[in-house]
Amino acid sequence: MARVETVRIEGLAQLDRALRELPDRVANRGLRSSVYAGAKVIRDEARAQAPKAAQSLGSKQPPPGTLKRSVIMKHVRELSGGGRQTFYVLVRHGKKYRNQGKRGNLSQDAWYWRFVEFGTRKMAARPFLRPALESRRRQAVDAIKQRLTQRIEIEARALNGR
């Protein structure tokens, strides 16, 4: 089973005070936008590090690039709210095809991602999710801080303009 990594940002007293001054709906919207920016940094790095086959592996196998296309981020409403926003960066599996426009229908079923990430007894691990988090953790936190500062200013101006 995959492990869940949590990034907790503490010590942002000024931003916390500013968020408390805004109405809950506005504060949650700004917080969701900023956590989205941080999750996007991790997702993009995971996509960049995901291995891609050099050529097709056969008609019964997913086409090259399926693993990269299947790395997504998802907002979890059940775990969000009350000054907390949760996004998962994960690999989509079980979805067969998605209309890709000019590129045609490409598979989104990366059912094999666990074997790549953790390895098997016959195959060495080629992790891409965990290293993406470790290498971009600081940039994700910076993106969250930057977006949160912007959103607080925008929302405060909108409230004062009423």
What distance separates Arg92 CZ from Lys74 NZ, expressed to the nearest 0.5 Å?
-> 9.5 Å
Between Pro127 and Pro131 the two heavy atoms that sit nearest each other are O-CG, 3.7 Å
Tell me, please, which residues at least two apart from Ser80 pass side chain to side chain contact (heavy atoms under 4.5 Å, CB included).
-> His75, Gln85, Thr86
Can you name the nearest heavy-atom pair linking Val41 to Ala143, along with the distance?
-> CG2-CB, 4.0 Å
When the side chains of residues 32-39 are checked against the rest of the protein, which donor-acceptor pairs come out under 3.5 Å, sequence neighbours left out?
{"from": "Ser33", "atom 1": "OG", "to": "Arg147", "atom 2": "NH1", "distance (Å)": "3.2"}
{"from": "Ser34", "atom 1": "OG", "to": "Gly30", "atom 2": "O", "distance (Å)": "3.3"}
{"from": "Ser34", "atom 1": "OG", "to": "Leu31", "atom 2": "O", "distance (Å)": "2.8"}

Taking the side chain as C-beta and beyond, is there a heavy-atom pair between Arg138 and Asp142 under 4.5 Å?
-> yes
Same cluster or not: are Trp111 and Leu129 linked, directly or through other Ile, Leu, Val, Met, Phe, Trp or Tyr residues, by side-chain heavy atoms under 4.5 angstrom apart?
-> yes
Can you pull the salt bridge (charged side-chain N to carboxylate O under 4.0 Å, His left out) pairs that have at least one residue in residues 34-50, sequence neighbours excluded?
-> Lys40-Asp44, Glu45-Arg136
Does Phe118 reach the side chain of Met123, with side-chain heavy atoms less than 4.5 Å apart?
-> no
So CD of Gln146 and OG1 of Thr149: to nearest 0.5 Å the spacing works out to 8.0 Å
Transitively linked via ILVMFWY side-chain contacts under 4.5 Å: Ile154 with Ile144?
-> no
Residues at least two apart in sequence or cross-chain that pass side chain to side chain contact (heavy atoms under 4.5 Å, CB included) with Leu67, listed by chain then number, are Ala50, Pro51, Val91, Ala110, Tyr112, Trp113, Val116, Phe128
Going from CD on Gln49 to CZ on Arg130, what distance comes out if it is rounded to the nearest 0.5 angstrom?
-> 11.5 Å
